[in-house]
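Just so you know, these numbers use all the heavy atoms, side chains as well, and skip hydrogens, waters and symmetry mates. Starting from 1, each residue takes its place in the sequence as its number.
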Amino acid sequence: METLVLKKKKNNAKTPVRLSGAEALIRCLVEEGADTLFGYPGGAIMPIYDALYDYGDRLNHILVRHEQGATHAAQGYARATGKTGICFATSGPGATNLITGIADAFLDSTPLLCITGQVISGLLGTDAFQETDVISISKPVTKWNFQITRADEIAPTMARAFYIARSGRPGPVLIDVTKDAQLEECDFVYNKCRSIRSYKPVPVIEEVKLKEAATLINQAKKPFMVFGQGILLSGAKKELKLFIEKSGIPAGATLLGLSALDSDHPLHMGMLGMHGNYAPNVKTNDCDVLIAVGMRFDDRVTGNVKSYAKNAKVIHIEIDDAEIDKIIKTDVAIHADAKEALTKLLPLIKAKTYPEWVAEFEVCKKIENEKIIRKDIYPESGKIRMGEVVNLISEITDDNAVIVSDVGQHQMVTERYYRYSTTNSNITSGGLGTMGFALPASIGAKIGQPHRQVVAIIGDGGFQMTLQELGTIFQYKIPVKIIILNNNFLGMVRQWQQMFFTKRYSFTELVNPEFSKVAESFGITSQKISEREDLKAALNEMMEHEGPYLLDIIVEKEENVFPMVPSGASVSDIRLE
């Protein structure tokens, strides 16, 4: 194997090294500082896997059990570390199995580099064995994609791919490499990409817009801030905290914005959205200035846009100008990175407090606490409730674990009742709502953050979509803690059927296997409980266990998640029961 360090000429130009395309690709990963890959080999990507064999001391490859698991694991790794997640798959079904995870990453702005093998270039378009046009298939859900047919295209394409994936608004890129490009030789020199002429990922802030925004903020009587994942992606947690503390403005988080501001901060009013907290939802329509930072006004946040924030002047800080004025018309649009914008706004705003306005939120919090929260986390009788499980997990982990949730009722309960105190602690599928996300994503999160506790909270339906990844956990001894909140239903769909379809439970009841026995067959310690008196001890046992652990908790079968904004309703019409 050639030495990795390329010699440099006296004029600082690197001396090319003659390599196969496959090894050149692996070298690109090393040059970019990659350390972990998730993938599944096959015929069309075999030369790359053969080259990878010699780099085991520098690249940790995790063999998943399904290619979708590779994308979700790479997402979990990226979300937990801030790095670009990397996954490999072969052509045909291998490549198409990546698409769900790529689409998930696209909607949630997660930087991924997906590398797929492809049939030899001479067979392209002939319907050869395991050939699919993955470039056309993935184009709508990638930030950029490209097919490599010559070995000398590999280094510049990979450099560009890394740059595009992680710059500006991050997202997934896909590189499809024909098998002959992997096998032929090229003169390899790697230069990191630092700019692309037609691509400007970081916009230049218009100073006049900052002044306009500051004027609106300083004149406001009832300002409210909503913040999203853009705060986390730009590393602006400190700037967010400084901004709200100086301005005195109450704030609410989107689903993916959670953990950008400590849950117990006195100006954090909770989560927005369909199953968010009562106060930030109803008060959105009472505010006179709405400051939206790093969020895209998703329909789950806005409800009926015709009645959303109609009393407010809207300031939107967003790095992707395609999101500005797409859903909600703005009065001041600041096309900028969130961290840079907040930093420059900070000296322009006045130090203020809004005691009467904040008190209105506190009244709403009290109503929600009395009608919903107490019953959810401190039930006096009946079956175990999801909220009390999540509340106990938050206590046992000192609010400091990385929480990876799947999609459904348990997801909403998890985000409502886990108290986040550390940045990048909330990993879930937002925009696409992908059931099966959590188990493989927890693998990537734990590998990315080996010194933190990683807890996957999953419904019984979503768990069965990717439970094969227990094999990955077993093989690599990944000490994730897995909680199944088991109600034998596709719970969120059942709740809608109960509320809007006269309890016609059409194909939502599940007959489940013994999940604890499934886990034990993979060599994973497990336990099943159904009684409240066993809950705390079981959770403590799970968290104290050194290896992976699965805890199957039988919860109330027809529990509903409230508050709830019915689909198409105004956020003011949020239901408490």
Participant: Assess the side chains of Ser109 and Arg169: does a donor N or O sit below 3.5 Å from an acceptor N or O?
Facilitator: yes
Participant: Could you pull out all donor-acceptor pairs under 3.5 Å where a side-chain atom in residues 221-229 meets a protein atom, sequence neighbours excluded?
Facilitator:
| from | atom 1 | to | atom 2 | distance (Å) |
| --- | --- | --- | --- | --- |
| Lys222 | NZ | Glu360 | OE2 | 3.2 |
| Gln229 | OE1 | Arg79 | NE | 3.4 |
| Gln229 | NE2 | Asp108 | O | 2.8 |

Participant: Do Phe297 and His316 have ring centroids that are under 6.0 Å from one another?
Facilitator: yes
Participant: Regarding Tyr418 and Thr397, is there a side-chain donor-to-acceptor distance under 3.5 Å anywhere?
Facilitator: yes
Participant: Among Arg385, Glu559, Arg374, Glu556, whose side-chain contact (heavy atoms from CB on, under 4.5 Å) with Pro379 holds?
Facilitator: Arg385
Participant: Taking all atoms of both residues into account, what is the closest heavy-atom pair of Ser259 and Thr422, and its distance?
Facilitator: CB-O, 3.5 Å
Participant: Got a donor-acceptor contact below 3.5 angstrom from the Asn285 side chain to the Ala309 backbone?
Facilitator: yes
Participant: If we ignore hydrogens and angles and just use 3.5 Å, is the side chain of Ser247 paired with the main-chain N or O of Phe243 as donor and acceptor?
Facilitator: yes
Participant: Would you say NZ of Lys238 has more than 12 non-hydrogen atoms from neighbouring residues, nucleotides or ligands within 6.0 angstrom?
Facilitator: no
Participant: Are Lys365 and Glu362 within salt-bridge range, i.e. N to O under 4.0 Å?
Facilitator: yes
Participant: Assess the side chains of Ser570 and Asn304: does a donor N or O sit below 3.5 Å from an acceptor N or O?
Facilitator: no
Participant: For Thr330, give me all partners under side chain to side chain donor-acceptor pair (under 3.5 Å), at least two apart in sequence or on another chain.
Facilitator: Asp325
Participant: The criterion is salt bridge (charged side-chain N to carboxylate O under 4.0 Å, His left out); which residues satisfy it with Arg452, sequence neighbours excluded?
Facilitator: none
Participant: Does Lys209 have any salt bridge (charged side-chain N to carboxylate O under 4.0 Å, His left out) partners at least two apart in sequence or in another chain, and if so, which?
Facilitator: none
Participant: Do Thr428 and Gln411 have side-chain atoms, one donor and one acceptor, less than 3.5 Å apart?
Facilitator: yes
Participant: Salt bridge (charged side-chain N to carboxylate O under 4.0 Å, His left out) with Asp321: which residues, sequence neighbours excluded?
Facilitator: none
Participant: Does either side chain, that of Asn512 or that of Asp460, offer a donor lying less than 3.5 Å from an acceptor on the other one?
Facilitator: yes
Participant: I'd like to check the salt bridge (charged side-chain N to carboxylate O under 4.0 Å, His left out) partners of Arg166; sequence neighbours left out, ordered by chain and number.
Facilitator: Glu32
Participant: For the residue pair Leu467 and Leu439, what are the closest heavy atoms and their distance?
Facilitator: CA-CD2, 3.8 Å
